[in-house]
Amino acid sequence: MRLICSLLLVLLTGSLVAQDEKLTDLKTKYLNAKPSEQSQFLSDYVSALARKDRLAADSLITDWFNAHSRQDQNLDWAKLYYSMADVRYRFRDYSTSQVYLDSALSVLLNAPEKAYVDLAKTYDLKGIIFQRYRTYDSAAFYFSRALATAEKGDSEEVLAIVHNTIGTNHWYQGEYASALKAYNQALEIRKNLPDASRLAESYRNMGLTYRVIGDYASALQYYEKALPVFIQSNDQSGTANLLNSMGVLYKELADYDQALNFHERSMKIRKELGDSVAWSYSLDNIGSAHIEKGNFGQAIEVLLLAEQLKKGEEADVRMYNTLSNIGVCYDKLEQHPRAIAYFKRSLALAEAVKEKRAMVLVYNNLNQLFHDEGNHAKALQYAQKSLSLSREIDTPEALAISHEYLSKTYKAMGRYSEALTHSESQIGYERQLFDKRAASEKSRMLVNYDFDNQQRALEQQKAELNNLNQERDLLRARQLILQVVLVALLLIISLLVFAFRARLKKSSLEKDLIRQNGQLLELTKQNLDQQLQLKETKLTSYAEQLSQKNELIATFQNRLSADSDKDLFNMANSVEGRPGTGTSWKDFRLKFDQVHGHFVPGLNALHKDLTNNELNISILLRLNLSNKDMASILGTTYDSVKKSVQRLYKKIGRENADDLRSYLLKI
């Protein structure tokens, strides 16, 4: 590790020197040019300077505009307008950036000769700004114009840039297969270009897409390819963003120490760059990782610093997330007045920017806090607000959680009928969630399968092109030989025999290649069928369990309509103490291991002192079953299961049952 760090330091030092030399060279060309020719060199100088010092770049080009008349504008002016738009974009001043881009387009479209490269770059940046406004259709319109224009130009670099931004537009809309295709097109072009930072950007984007679809191994491979390239090209902003992405990946893998390592490295660079917004985001991520580790005091320290950095910034810096996380920390430390104060501040900011998902999260946090205090009336108010807003959002995730909190609150208040109603709603939305996740998993597999096919097709095309080039060279050689030895009939016959044998060999090789490709395709199909069969087994198991639970609820409802409150109480006790029926535990374990074969060995490796009963409880918690359902399956009482769960999460070292469930889901 020390050797790797030393090598990266050497690369960084060398790249800094090279970058400074390039910037100095561009500055010299600009300063030494004649006043009438300075505009030809200013655009390149400003673009390079903006990567290192945005303020200096902004000041330089603003002064130049103020000092020159805008009459008789030419293509150099269009480049300057674009440079100014790029600088303002880096300051997140999108409206001003759009004004300069429109000025650039006016010059370019009215020029007697079309500057396709500059026009493509201008269309592309306009699309990116619409992307920032989340108007993806408008962004796609400008990206399509940029691509058509770039294909007419002579810049492979600009063509790669447009493919990359098209991929990002697909990514934001969840079209990951299309995003991978576009990103890969940009990557293949950039492999042959000298700009290393652009190549690193393509590696990072491929990694981001694989992370989102759950292919963490591929994501990490692309990230590790990107990191040394970013460092070598002295792209500090790109390096910081990549380190942040790697931290997010390790957090999703529950490796919080590694996540902290990468987020802290990212934060250090962002701090040196003076980008307070990006710096605060790194602090948010560090605080979140500390919360996952249970280091609530350390989390508060970094989150309070993030709060200070965000003060006075635009609303889109997501201050409400920071305040909400601070509230969570104080809640965990049982400092409830402080927690409530931060939750309410977070809620006010989320309401101001109409961020409904953040509002639902705060409502649920407040519900949990007042529930823990025993103030069930107050908890009920926030649970009802959460459900109302979740219905506006209309996602099964939000609705399932809101119904769960309401069910829990009504149960604590002794209002069992209402608790049962919301529990049933929760089950329905969780079923939708399960179906959604299954579809997402199937989609991920299809994306990987399609992309692998595309990669194989691309490799096959390259091989065919190489063969064609070889055949072309061979034909040229034959023509030369035929011209030289035309008078020798014997040599001509020999050459014909040679050509005939070569063609026979080629035909044999083609047949072998077709057979091998067919075998490879069949193996790939078999592998995909096996994976799909495994998912179907999981769905069947879930459906069987859900059916048993629905039958129990139906019985409970029938008796509820006929029995008195006392009978209802006795019936609830009988349901909680109901012995397990249906599929035997051995069969259940067999089905479970087919779907989650890694779970029990992984849990035993982490906690070797668990008893068989604790392993059984862990398995049912991993399936996210309620205590009542677990009691039914295990043939014991609800209280017994509840005590077993309490002993288990204390033994494993978790905060509570919800924390234990989250922990087991990540194994």
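Quantities reported herein were computed from a predicted structural model and do not represent experimental measurements.
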Report yes or no: does [X] contribute a side-chain atom to a donor-acceptor pair with the main-chain N or O of [Y] at less than 3.5 Å?
{"X": "Tyr429", "Y": "Ala398", "result": "no"}
{"X": "Asn375", "Y": "Lys378", "result": "yes"}
{"X": "Ser632", "Y": "Lys628", "result": "no"}
{"X": "Ser407", "Y": "His403", "result": "no"}
{"X": "Ser388", "Y": "Gln384", "result": "no"}

Which heavy atom of [X] sits nearest a heavy atom of [Y], and at what distance?
{"X": "Ala350", "Y": "Met359", "value": "CB-CG, 3.6 Å"}
{"X": "Ser218", "Y": "Asp215", "value": "OG-OD2, 3.0 Å"}
{"X": "Gly327", "Y": "Ala339", "value": "O-CB, 3.3 Å"}
{"X": "Ile300", "Y": "Tyr330", "value": "CD1-CE2, 3.6 Å"}
{"X": "Val302", "Y": "Ala299", "value": "CG2-O, 3.2 Å"}
{"X": "His263", "Y": "Gly247", "value": "NE2-C, 3.4 Å"}

Is the count of non-hydrogen atoms from other residues, nucleotides or ligands lying under 6.0 Å from [X] atom [atom1] greater than 12?
{"X": "Arg415", "atom1": "CZ", "answer": "yes"}
{"X": "Glu392", "atom1": "CD", "answer": "yes"}
{"X": "Lys643", "atom1": "NZ", "answer": "no"}

Any salt bridge between [X] and [Y], counting N to O under 4.0 Å?
{"X": "Lys666", "Y": "Glu292", "answer": "yes"}
{"X": "Glu201", "Y": "Arg204", "answer": "no"}
{"X": "Glu614", "Y": "Lys651", "answer": "yes"}

Side chain proximity check, [X] to [Y], heavy atoms < 4.5 angstrom:
{"X": "Lys385", "Y": "Asn367", "answer": "no"}
{"X": "Asp255", "Y": "Leu249", "answer": "no"}
{"X": "Val229", "Y": "Lys225", "answer": "no"}
{"X": "Leu406", "Y": "Gln426", "answer": "no"}
{"X": "Val328", "Y": "Phe343", "answer": "yes"}
{"X": "His290", "Y": "Leu303", "answer": "no"}
{"X": "Arg431", "Y": "Phe434", "answer": "no"}
{"X": "Tyr203", "Y": "Tyr223", "answer": "no"}

Cut-off 3.5 Å, no hydrogens considered: what does the side-chain donor-acceptor table look like for residues 602-610, sequence neighbours left out?
{"from": "Asn604", "atom 1": "ND2", "to": "Val600", "atom 2": "O", "distance (Å)": "3.4"}
{"from": "His607", "atom 1": "NE2", "to": "Tyr663", "atom 2": "OH", "distance (Å)": "2.8"}

Separation of [Y] [atom2] from [X] [atom1] (nearest 0.5 Å):
{"X": "Leu366", "Y": "His371", "atom1": "CG", "atom2": "NE2", "answer": "14.0 Å"}
{"X": "Asp659", "Y": "Arg654", "atom1": "CG", "atom2": "CZ", "answer": "4.5 Å"}
{"X": "Leu389", "Y": "Leu361", "atom1": "CG", "atom2": "CG", "answer": "11.5 Å"}
{"X": "Phe599", "Y": "Arg622", "atom1": "CZ", "atom2": "CZ", "answer": "6.5 Å"}
{"X": "Ser346", "Y": "Asn365", "atom1": "OG", "atom2": "CG", "answer": "8.5 Å"}
{"X": "Asn624", "Y": "Leu433", "atom1": "CG", "atom2": "CG", "answer": "10.0 Å"}

* Report yes if the distance between the aromatic ring centroids of Tyr210 and Tyr216 is under 6.0 Å, otherwise no. =>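 Ring centres of Tyr216 and Tyr210 not closer than 6.0 Å.
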* Asked: Aromatic ring centroids of Tyr410 and His422 under 6.0 Å?
  ->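 Ring-ring flag for Tyr410/His422: true, centres closer than 6.0 Å.
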* Test log, rule side-chain hydrogen bond (donor to acceptor under 3.5 Å, both in side chains), inputs Asn285 and Asn244 -> CA-CA 8 Å; Asn285 289 329; Asn244 180 73; 2.6 Å; yes
Assess the side chains of [X] and [Y]: does a donor N or O sit below 3.5 Å from an acceptor N or O?
{"X": "Asn205", "Y": "Asn164", "value": "yes"}
{"X": "Thr168", "Y": "Tyr183", "value": "yes"}
{"X": "Asp629", "Y": "Ser626", "value": "yes"}

* Asked: Would you call the rings of His596 and Phe592 parallel, tilted or perpendicular, where under 30° means parallel and over 60° means perpendicular?
  ->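 Ring orientation, 0 to 90° scale: tilted.
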* To do: Quick one: sort the Trp171 and Tyr176 rings into parallel, tilted or perpendicular, breaks at 30° and 60°.
  =>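 Because their plane-to-plane angle is over 60°, the rings of Trp171 and Tyr176 count as perpendicular.
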* Residues two or more places apart in sequence or in another chain: which of them pass ring-ring contact (aromatic ring centres under 6.0 Å, His included) with Tyr250? ->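 Tyr250 satisfies ring-ring contact (aromatic ring centres under 6.0 Å, His included) with Phe262 only.
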* **Working for side-chain hydrogen bond (donor to acceptor under 3.5 Å, both in side chains), residues Thr409 and Tyr382** => CA-CA 10 Å; Thr409 305; Tyr382 287 110; over 6 Å; no
* Given Leu648, Leu665, Asn616, the one that forms side-chain contact (heavy atoms from CB on, under 4.5 Å) with Leu621 ->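 By the side-chain contact (heavy atoms from CB on, under 4.5 Å) criterion, Leu621 pairs with just one of Leu648, Leu665, Asn616: Leu648.
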* Please step through side-chain contact (heavy atoms from CB on, under 4.5 Å) for the pair Val645 and Met630, ending with a clear verdict. => CA-CA 10 Å; Val645 172; Met630 289 192 288; 4.0 Å; yes
* Worked verdict on Thr322 versus Ile326 for side-chain contact (heavy atoms from CB on, under 4.5 Å) -> CA-CA 6 Å; Thr322 305; Ile326 295 174; 4.3 Å; yes
* Report the C-alpha distance between Leu187 and Tyr222 in whole Å, list the side-chain angles of each, state the deciding distance to 0.1 Å, and finish with yes or no for side-chain contact (heavy atoms from CB on, under 4.5 Å). => CA-CA 11 Å; Leu187 176 61; Tyr222 279 104; 4.3 Å; yes
* **Verdict with reasoning, Gln368 to Asp372, per side-chain hydrogen bond (donor to acceptor under 3.5 Å, both in side chains)** => CA-CA 6 Å; Gln368 184 63 49; Asp372 293 341; 2.9 Å; yes
* Let me see the working for Thr395 and Arg357 under side-chain contact (heavy atoms from CB on, under 4.5 Å), right down to the final yes or no. => CA-CA 10 Å; Thr395 61; Arg357 293 177 186 274; 3.6 Å; yes
